[in-house]
Amino acid sequence: MNDSNSLTQIYDELRRRAVAQFGAARAAELESFLRAAAEQVSDVNRADVHPDLEPLR
């Protein structure tokens with residue numbers, strides 16, 4: 001799966017949840033926030049972690 005597909009899938013899921021929770025009108029108002037959140041989630045998913053890095057507690 002390429003990055004744009006993954007980003008689209010993340011956005012679609014966030015939008016689906018927003019529509020279910022807040023309704024279509026409010027989800028449309030939140031469009032820019034949903035896109036930004038999808039990009040941030042995608043960035044985190046693609047981040048490389050050094051194998052020697054210890055988990056934070």
Side-chain angles (χ1 to χ4, degrees):
M1 175 184 324
N2 66 26
D3 290 340
S4 66
N5 254 355
S6 178
L7 179 60
T8 301
Q9 288 178 341
I10 293 167
Y11 168 76
D12 288 345
E13 177 63 16
L14 290 176
R15 186 168 193 303
R16 183 193 66 74
R17 290 181 183 193
V19 169
Q21 195 162 23
F22 306 118
R26 181 68 176 136
E29 293 173 2
L30 296 172
E31 175 84 16
S32 64
F33 296 106
L34 296 173
R35 290 208 180 273
E39 288 178 16
Q40 292 169 350
V41 170
S42 178
D43 289 346
V44 169
N45 286 343
R46 288 180 291 144
D48 290 331
V49 178
H50 192 277
D52 293 334
L53 185 66
E54 293 185 26
L56 297 175
R57 295 180 192 184

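Basis for what follows: all heavy atoms, side chains included, without hydrogens, waters or symmetry-related copies.
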Results of side chain to side chain donor-acceptor pair (under 3.5 Å) for Gln40 - residues two or more places apart only:
none
Selection residues 18-28 - residue pairs positive for salt bridge (Lys or Arg N to Asp or Glu O under 4.0 Å), sequence neighbours left out
Arg26-Glu29
Of all residues at least two apart in sequence or in a different chain, which pass the side chain to side chain donor-acceptor pair (under 3.5 Å) check with Glu39?
none
Set of residues satisfying side-chain contact (heavy atoms from CB on, under 4.5 Å) with respect to Ala38, sequence neighbours excluded:
Leu7, Ile10, Tyr11, Leu14
Listed partners of Asp12 passing salt bridge (charged side-chain N to carboxylate O under 4.0 Å, His left out), at least two apart
none
Heavy-atom check, side chain of Arg17 versus side chain of Glu13, under 4.5 Å
yes
Is there a chain of hydrophobic side chains (I, L, V, M, F, W, Y, each step under 4.5 Å between heavy atoms) that links Phe33 to Val41?
yes
Taking only residues two or more places apart in sequence, or in another chain, which ones meet Asn45 in a side chain to side chain donor-acceptor pair (under 3.5 Å)?
none
